[in-house]
Amino acid sequence: MHSIDTKTAKKSQPQPEDKQSNNELLATSALTMLSTIMGTVALVGIHHRYRKQRQPDARLQDYVVGIRSQLQSLTSTPTPQLARFSYACQQAATAWQHAYHLSLDDKNNTNHHSVADFSAAHTTTVLTRPICWVSGVASMPKNSALANDDQRADNDFGVVGIDADRQIVWQTTMPERVHDIVVQPVADIKNACIDSKNRDVVVMGRRPSENFWVLDTATGHVKFAINAANNRHFYGHACYSLDGELLYVTENDTISLDGKIGIYDAYDNYKKIAEYNSHGIGPHELIMHPDSETLVIANGGIKTEQASREELNLDSMRPSLVYVNRHTGALLEQIMPEHNQMSVRHLAMHDDGTVMIGIQFQGEKHINVPLVLTHKRGDADFKALIMPNDQWQRFHQYIASVAVDSARNLLCVTTPIGGCAVIYDLNTRTLINDVSLPDCAGAAMFLRQSTNNTANHDERSGFIVSDGQGQLTVLTVNSLATAELATIDQGERIFINSKYHMMSFDNHLQAL
């Protein structure tokens, strides 16, 4: 018995080989951990140096804050939502792989596509969060599983819903590049036809296109796909009546090349019910006047050949801004810019009825013309905003979007060719500052919600700007900049905060 105990004791004692193995394992683990830490520190350092070049106010603390917020978001997410997220990830590859293998034509309806399987095949719902903005996307994340798929013409066009934290909630692939995004108003909330949580969002094809689509705002599911009528194509923009009942769309008569405004009934599956003249050539953006009876139309003045997108009349173009009765199409006012090649292209409406106008100049590069104008009904001419030293060439003759904050009298203007976004003080009509944002285009209002319940309701606001490099950038104006502009350094007039996504945002961004 004693001998057995002795053998057992010997077996239980650690052998020299075991000690050496354990020491090697500990040393290897320590070296691996040290290498991981040093590698992470090096990567953070390199990335932070790059961020500092683009965002001088970037801090190392931002990384800690970001990780902490993501962990809090993950731990606070209910289990069913996590399960839905996992399922969405599993289904994404299948959804993209089958994208647009289905035929969309419905021979029994010349204005509508068949959408029985369209929504399920093309939408990936990621999170169940409220949507704050909707944007077109020119390049969505590629699916590596499809990299060698030669049987389909893969494209990256789509639409995404964005929440208050600038995270992507849903994404829907589209068969072609899109342009304007139009959200159905909820002013007529007593009407049961409009659900304030699940209202429609209209996605227009890029001009000239024969299609637009109607999506559910909350989920991104496609409800309708609308075809242009015979001898018509769309010019990329639309707007709703303030009660959300009718949709007005800029169109082109492909035979006469006259501009048209098509009218579609949102309560009857977006059936086209009427059209009238835009009183010009090449109507682009149009908006509804606060009086709810007047439609404001930017006639770009350019005749566009549908197949090639060739601009046919740059020397003889006649742009204009027109006001028409939205019920009858009767012309109320028409204003021409000072130069016939100042294409009146993009619009935003101030609550007081002043129209904000973005110009795209089609003339020689050396010609310097004002590119941001305003107009109010009854004024004989446009009024240009003030540009320091009249250097409008800073915008490279191209304004992509205009967005207005009526409460604070601020205007945001973007130019992807000029690579910047600028904010104007409309009280003085002067430039507050410009911010370098390469390939920026979309612009919309941004309202920063306060976490302090005792704070007043006059929250700091600003603008959100999207760009082709995947940034969603919030530009917040220093309140002192509007009161004492001359005393504030340029770097402190606008606060910048960007979030990056693995996609290229397209021309327009629309706030809900």
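Since the structure is predicted, the reported quantities are computational estimates derived from the model, not experimental observations.
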Does any non-hydrogen side-chain atom of [Y] lie less than 4.5 Å from one of [X]?
{"X": "Q469", "Y": "P438", "value": "yes"}
{"X": "K376", "Y": "D352", "value": "yes"}
{"X": "M503", "Y": "Q171", "value": "yes"}
{"X": "Y264", "Y": "F212", "value": "yes"}
{"X": "M349", "Y": "V355", "value": "yes"}
{"X": "F157", "Y": "D506", "value": "no"}
{"X": "L347", "Y": "L321", "value": "yes"}
{"X": "L426", "Y": "H350", "value": "yes"}

- Message: Can you confirm if the NZ or CZ of R326 lies within 45° of the ring axis of Y248 and under 6.0 Å from the centre of its six-membered ring?
- Response: no

- Message: I need the single residue from N277, T250, N252, D253 that forms a side chain to side chain donor-acceptor pair (under 3.5 Å) with K260. Which is it?
- Response: N277

Kindly give the heavy-atom pair with the smallest separation between [X] and [Y], and that separation in Å.
{"X": "D163", "Y": "P130", "result": "CB-O, 3.4 Å"}
{"X": "C440", "Y": "V465", "result": "CB-CG1, 3.7 Å"}
{"X": "Q341", "Y": "F361", "result": "O-CD1, 3.4 Å"}
{"X": "L215", "Y": "V203", "result": "CD1-CG2, 4.0 Å"}
{"X": "Q393", "Y": "N368", "result": "N-OD1, 3.3 Å"}
{"X": "T414", "Y": "G442", "result": "CG2-O, 4.1 Å"}

- Query: Under 3.5 Å, is there a donor-acceptor pair linking the side chains of S343 and Q362?
  - Reply: no

- Item | R177-N507 side chain donor-acceptor pair, cut-off 3.5 Å |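 Judged by distance alone, the side chains do pair up.
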
[X] side chain to [Y] backbone, donor-acceptor under 3.5 Å:
{"X": "H346", "Y": "A400", "answer": "yes"}
{"X": "H501", "Y": "R166", "answer": "yes"}
{"X": "N340", "Y": "M317", "answer": "yes"}
{"X": "W213", "Y": "V201", "answer": "no"}
{"X": "T254", "Y": "N231", "answer": "yes"}
{"X": "N299", "Y": "G301", "answer": "no"}
{"X": "T217", "Y": "R199", "answer": "yes"}
{"X": "Q397", "Y": "I367", "answer": "yes"}
{"X": "S504", "Y": "G468", "answer": "yes"}
{"X": "T415", "Y": "Y398", "answer": "yes"}

- Query: Yes or no on side chain to side chain contact (heavy atoms under 4.5 Å, CB included) for I399 and R345, after CA distance, side-chain angles and deciding distance?
  - Reply: CA-CA 8 Å; I399 300 299; R345 195 64 66 94; over 6 Å; no

- Please walk me through it: do V404 and T354 pass side chain to side chain contact (heavy atoms under 4.5 Å, CB included)? CA-CA 10 Å; V404 63; T354 302; over 6 Å; no

Nearest 0.5 Å, please: how far is [atom2] in [Y] from [atom1] in [X]?
{"X": "T219", "Y": "I131", "atom1": "OG1", "atom2": "CD1", "value": "9.0 Å"}
{"X": "E210", "Y": "E176", "atom1": "CD", "atom2": "CD", "value": "9.0 Å"}
{"X": "K499", "Y": "Q471", "atom1": "NZ", "atom2": "CD", "value": "13.0 Å"}
{"X": "S320", "Y": "M342", "atom1": "OG", "atom2": "CE", "value": "12.5 Å"}
{"X": "I432", "Y": "R493", "atom1": "CD1", "atom2": "CZ", "value": "8.5 Å"}
{"X": "N389", "Y": "R394", "atom1": "CG", "atom2": "CZ", "value": "13.5 Å"}

- Message: Is there a side chain to side chain contact (heavy atoms under 4.5 Å, CB included) between I263 and K272? Walk through the geometry before answering.
- Response: CA-CA 6 Å; I263 306 173; K272 186 172 185 178; over 6 Å; no

- Aromatic plane relationship, W133 with F446 - under 30° parallel, 30 to 60° tilted, over 60° perpendicular: parallel

- Task: Give the C-alpha distance, both sets of side-chain angles, the deciding distance and a yes or no for ring pair (Phe, Tyr, Trp, His ring centres under 6.0 Å) between H284 and Y235.
- Result: CA-CA 6 Å; H284 195 60; Y235 263 124; 7.3 Å; no

- Message: Assess the residue pair S401 and L509 against the criterion (side chain to side chain contact (heavy atoms under 4.5 Å, CB included)); give the C-alpha distance rounded to whole Å, side-chain angles, the decisive distance to 0.1 Å, and a yes or no.
- Response: CA-CA 9 Å; S401 292; L509 175 75; over 6 Å; no

